[in-house]
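See below for the structure under consideration.
A, B, ... follow the sequence lines: proteins, then strands. Residue 1 opens every chain.
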Amino acid sequence: MKISARAVLSASTALGLVAALTACGPDEGSEGQTLTYWASNQGASVEEDQEVLQPALDRFTEETGIEVELEVVPWSELYNRVLTAVSSGNSPDVLNIGNTWAASLQETGAFVPFEGAELEAVGGEERFVATSFATGGAEGAPPTSVPLYGLSYALFYNPTMFEEAGIEEPPATWEEFVDTANELTRDTDDDGEIDQYGFGLEGGNERQNSHMAFILGRQQGGRLWADQGPTFSSDAQVTAVKQWVDLMATEDVVDPSSAEFSDGTQAIADFVDERSAMTIVQGSARTTMAARDFDDYEIAEVPVLDPLPGEPVQSIAAGINISVFNDTDDQEGALRLVEHLTSPQEQVYLSQEFQTLPVATESYDSEELQDESMDTFRRILAEHSEPMPLIPEEGQMETVLGAAIGGIFADVATGSEITEADVRQAMEDAEAEMDAAN
Amino acid sequence: MSFTEEPRPGAAPGSDRRRSRRPGWFLPYGMILPAAVLELLVHIIPMLLGIYISFTSLTQLTIRRWTTAPFVWFDNFVRGLDPGSALGSALFESLFRTIVYTVLVVGLSWALGMAAAVALNTRFRGRGVLRTLFLVPYALPVYVAAILWAFMFNQRDGMVNRVLVQDMGLLDERPFWLIGENAFWVLVIVSVWRLWPFAFLMLLAALQSIPGDVYEAAAIDGASTWKRFTDITLPMVRSANLVVLLVMGLWTFNEFNIPYLLFGDTSPESARLISPLIYEHSFVNWNFGLGAAMSVLLLVVLIVASAIYVRMVLPKGSGND
Amino acid sequence: MIETKGFRWFRKVVLTFLTVFTVLPLYVLVVTSVKPLENVRGTFTWFPDRITFQPFVDMWTTIPLASYLGNSLIVTTTATVLALLVAVLAAYPLSRLRFRGKRLFSMTVLSTQMFPGILFLLPLFLIFVRVEDLIGVELTGSYLGLIVTYLTFALPFSIWMLAGYFSAIPEGLEEAAMIDGTTRVGALVRVILPVARPGIIAVGVFAFITAWGEVLFASVLTDTQTRTLSIGLKLYTSQTDTLWNQLLAASLTISLPVVIAFMLIQRYLVSGLSAGAVK
């Protein structure tokens, strides 16, 4: 008996040993003059991003002697990885992430505020495009992030289809836009089924839905958030949302199938496949189009209401911001890396590779970036963009509001009539959900 | 309540008492030690910490120093579980939906698994192939299974609508599956597809232990196939059945992966199960206190349901030790 | 076993239905993996416009699939073997020995099955970080953390099933062996384990699959180097596109070893073993 019990105990010990041995898996690198940089995924794949970023980081190492260990984190994991980094203190030194998270991450207190010496160390406020810089954190507090890649929405259209339909100019007002979309919605092969739609969107895409609710809402004179909380159900916002879903519901210029689209690539794919003649997406969509060898498109400003009850907002000030973790052992080095990546020279390189917009104003003078579409994008970003509400609940708001609008699209696609009262109800429900959770 | 029967009373009376005095008394403890340590580290302590979190205001404001998150007593419960509020009513709706979903998925999976196990517990050509084949859905990573079905249920181009509209002409219009009311049924189908092989595997293993001569005796007595199934098969695999049903029920109730992978961060309302809903509060909105309070409700529901189940299915007195 | 006509019909209907239900999605999986991407994008076709094996080549370079596969195999196999070992050790006293605290232990173990993963995901991570700080063993971002987690996830069910299988084995078997001078542990290894083989295999398959497909905890406990397949496969979907054909080709490829392993062990799941032992 004794022996067997001992055998059991030694088996347990052996187990522990095996466990300890298997612990010797791949490990983090050394410390000292090495910075860890987590980059969100911009291009077609993680590998591609690494190839783009490595030369930029090599130039930094050459300049400063500081090594950078790069990890490109896919979006599907990014949020949880940031969460674990913040809660455990096992964080990288530098991180880049979507700018709509800026206010939320600011609240954690895990990031270095950019003011005074820290702000000067990364080039000072005057380096950056003002609309992009405004996304760095909540108003009234020093930002905890500075812009890294700028993005804006634009109207993409297919000039060949425009020509076929005898349309010469891209639409400038919303009314023209809807008319144009109607003209371009056709049954090209006369089989009784519409096979070309005037406009393409993603009914299930929460981000696009809430961004468009913001843009059209601002044009209507509304806003998504007031001091006390959400104002989704204000008259202006309800009209704006109705305006957006009516493209499918009453104007029939959008393929009902797209009520199911949600991943941010499907509306672009339809545009590339010439199933739709126009779409409103961010400039980074050009990488997808390039990957599909598609270049039959032109870019125009986003249509604006006329008469305009509100502001001529065409886009959110979209993009990616970069932050430095408080826990870094080498804050100076980390700030130098931020400075390097946002410098006018690197910005020219990065914006070409990722099809983003430079966040350093100086970069726009660069020879390499002189073309018409860059000019359009710059104008939209610099002159017609506002940041989404700079509130800690921003991410939640996009999810709740975007899903509510997605629900309306689903109702439309499955055959329900949608009235203004229905839209208002959906917006009130979304508001109640936001209020209850906060 | 244990499926782990005590040594039969008649086997060796008094031997137990003697055993416990022997020097080897610690043998059972040594044997359960590794399991106990692991359970403590991975399940019990994190769970207790989770319950503690449900009483704190753990949000993005406090997550960095989570040990100092303010203790707010029942605040999260009051806010999250009030059926009158938008949050609470959504939670209870999804709780009810999750119960319906669980009953459907477990019921169907068990029925399919049992039928397949009985059918494949006989000798015929090709049963080895089928045994392996039926386990494949279970072996595919859940990500692949979910995304494969989403691919098939795609409204415009998917295989399902192609069959229904184009190949068989049953419908004129291509219905939507992944949004609207149908999303619930897609969720059930995909979940059953993933789960039934598990029931099949466990029940087949249990059937294997029924000696063949029991059936032969019954057949000679002229019992019908159905009668043999209800009178012999079912009682013989009872203990496996009870555990399999209970465990499948618990898993299905807590199912997160399939809805999350099929529908993303927010499921269509018809298919909004409780785990993804809590995930949204915890990991999308970083309101961990609230999410934890909702999960505690989930836990209480499961404990009550399991207790009722155990009481119903186990004969009285078997749980005394 | 005598088979009636009705039973044969039942068998035919059940097996046909289940075969179609199982095979249809698998057919889509296989046929899509050999289609060129343009062919995948349009309406589903039953046959490829042209068969290509390019996805099977490209999938290795689009993402570091081989490394993910290696990680998954290391984590899953280790977790399965250890889970079986720990579960057999714990299940045996539950079914055979009498000891104080047995009921507490068995109830606690089973009740852990009720714990919603989302409730203890964050706490588990926080505790792992604490343990790391205390004893310096890397638990997050390493194989060890995942192995310990998956191994424990498989335990409750494995212990309960094994205890059930052990209980079904007549005690006379090991008593006979113990009279011959074998210790209790020796009897467990030499007598009980062979007889309980179908149960052990079933539980092993269960433990393997539990770890093989897990998504939620892997997304928090792994980093780039230790990323497992179940979350790594997501990377065929990028910001810009979903490479369906490569994704499905990779799914097919990584499923093959598992399917082959199942095929090999399913023959050990055959009947007659325990029946023979009873006689």
Notebook entry, point to check: For C:Thr32, is it the side chain, the backbone, both or neither that has a heavy atom under 4.5 Å from a heavy atom of chain B?
Noted result: side chain
Next item on the list: Identify which part of C:Met114 has an atom lying under 4.5 Å from any heavy atom of chain B, answering side chain, backbone, both or neither.
Entry: both
Note to self: Heavy-atom cut-off 4.5 Å, strictly under: side chain, backbone, both or neither for B:Leu112 against chain C?
What the structure shows: both
Next item on the list: Measure distances from B:Val237 to the heavy atoms of chain C and classify the residue's part below 4.5 Å as side chain, backbone, both or neither.
Entry: neither
Next item on the list: Check whether B:Met159 gets within reach of chain C through its side chain, its backbone, both or neither, counting any heavy atom under 4.5 Å.
Entry: both
Notebook entry, point to check: Heavy-atom distance under 4.5 Å to chain B: side chain of C:Leu216, backbone, both or neither?
Noted result: both
Check: Can you say whether C:Tyr92 sits under 4.5 Å from chain B via the side chain, the backbone, both, or neither, judging by heavy atoms?
Finding: side chain
Notebook entry, point to check: Which answer fits B:Tyr52, side chain, backbone, both or neither, if we ask what part of it has an atom under 4.5 Å from a heavy atom of chain C?
Noted result: neither
Item checked: Contact class of C:Lys234 relative to chain B, heavy atoms under 4.5 angstrom -> both
Checklist line | Contacting region of C:Leu188 [heavy-atom separation from chain B under 4.5 Å] | finding: side chain
Note to self: What I'd like to find out is whether the side chain of C:Val88 reaches to under 4.5 Å of the side chain of C:Phe166, using heavy atoms alone.
What the structure shows: yes
Note to self: Quick check on B:Leu203 against chain C: is it the side chain, the backbone, both or neither that has a heavy atom closer than 4.5 Å?
What the structure shows: neither
Next item on the list: Quick one: which of C:Val28, C:Leu252, C:Val259, C:Val14 has the most heavy-atom pairs under 4.5 Å with chain B, could you say?
Entry: C:Val28
Check: So, C:Arg11 versus B:Thr122: side-chain donor-acceptor pair below 3.5 Å or not?
Finding: yes
Check: With a 4.5 angstrom heavy-atom cut-off, which part of C:Phe128 approaches chain B: side chain, backbone, both or neither?
Finding: side chain
Notebook entry, point to check: In terms of heavy-atom proximity below 4.5 Å to chain B, should C:Phe105 be classed as side chain, backbone, both, or neither?
Noted result: side chain
Checklist line | Segment of B:Leu133 engaging chain C (4.5 angstrom heavy-atom cut-off) | finding: both
Note to self: Is B:Tyr138 close to chain C through its backbone or its side chain, or both, or neither, when contacts mean heavy atoms under 4.5 Å?
What the structure shows: both
Note to self: Given heavy-atom pairs under 4.5 angstrom as the criterion, report whether the side chain, backbone, both or neither of B:Tyr29 touches chain C.
What the structure shows: side chain
Notebook entry, point to check: What part of C:Thr19 gets closer than 4.5 Å to chain B, counting heavy atoms only: side chain, backbone, both or neither?
Noted result: both
Notebook entry, point to check: Do the ring centers of B:Phe288 and B:Trp66 come within less than 6.0 Å of each other?
Noted result: no
Check: Of the backbone (N, CA, C, O) and the side chain (C-beta and beyond), which part of C:Leu247 lies under 4.5 Å from a heavy atom of chain B, both, or neither?
Finding: side chain
Next item on the list: Identify which part of B:Phe200 has an atom lying under 4.5 Å from any heavy atom of chain C, answering side chain, backbone, both or neither.
Entry: neither
Next item on the list: Tell me, for C:Phe115 versus chain B, whether the close heavy atoms (under 4.5 Å) come from the side chain, the backbone, both or neither.
Entry: both
Item checked: Contact origin within C:Val258 toward chain B - heavy atom pairs under 4.5 Å -> side chain
Check: With only heavy atoms counted, which part of B:Asp157 is less than 4.5 Å from chain C, the side chain, the backbone, both or neither?
Finding: both
Note to self: Whether the B:Trp251 and C:Gln113 side chains hold a donor-acceptor pair (N or O, under 3.5 Å, no angle test) is what I'd like checked.
What the structure shows: yes
Item checked: Interface moiety of B:Arg156 toward chain C, non-hydrogen atoms closer than 4.5 Å -> backbone
Checklist line | Which portion of B:Ser282 sits near chain C, non-hydrogen atoms under 4.5 angstrom | finding: neither
Notebook entry, point to check: Measuring heavy-atom distances to chain C, does B:Leu130 have an atom under 4.5 Å in its side chain, in its backbone, in both, or in neither?
Noted result: side chain
Note to self: Please classify the contact between C:Phe10 and chain B as side chain, backbone, both or neither, with a heavy-atom cut-off of under 4.5 Å.
What the structure shows: side chain
Notebook entry, point to check: In terms of heavy-atom proximity below 4.5 Å to chain C, should B:Leu58 be classed as side chain, backbone, both, or neither?
Noted result: side chain
Margin query: For C:Arg100, which atoms come within 4.5 Å of any heavy atom of chain B: side chain, backbone, both, or neither?
Written below: both
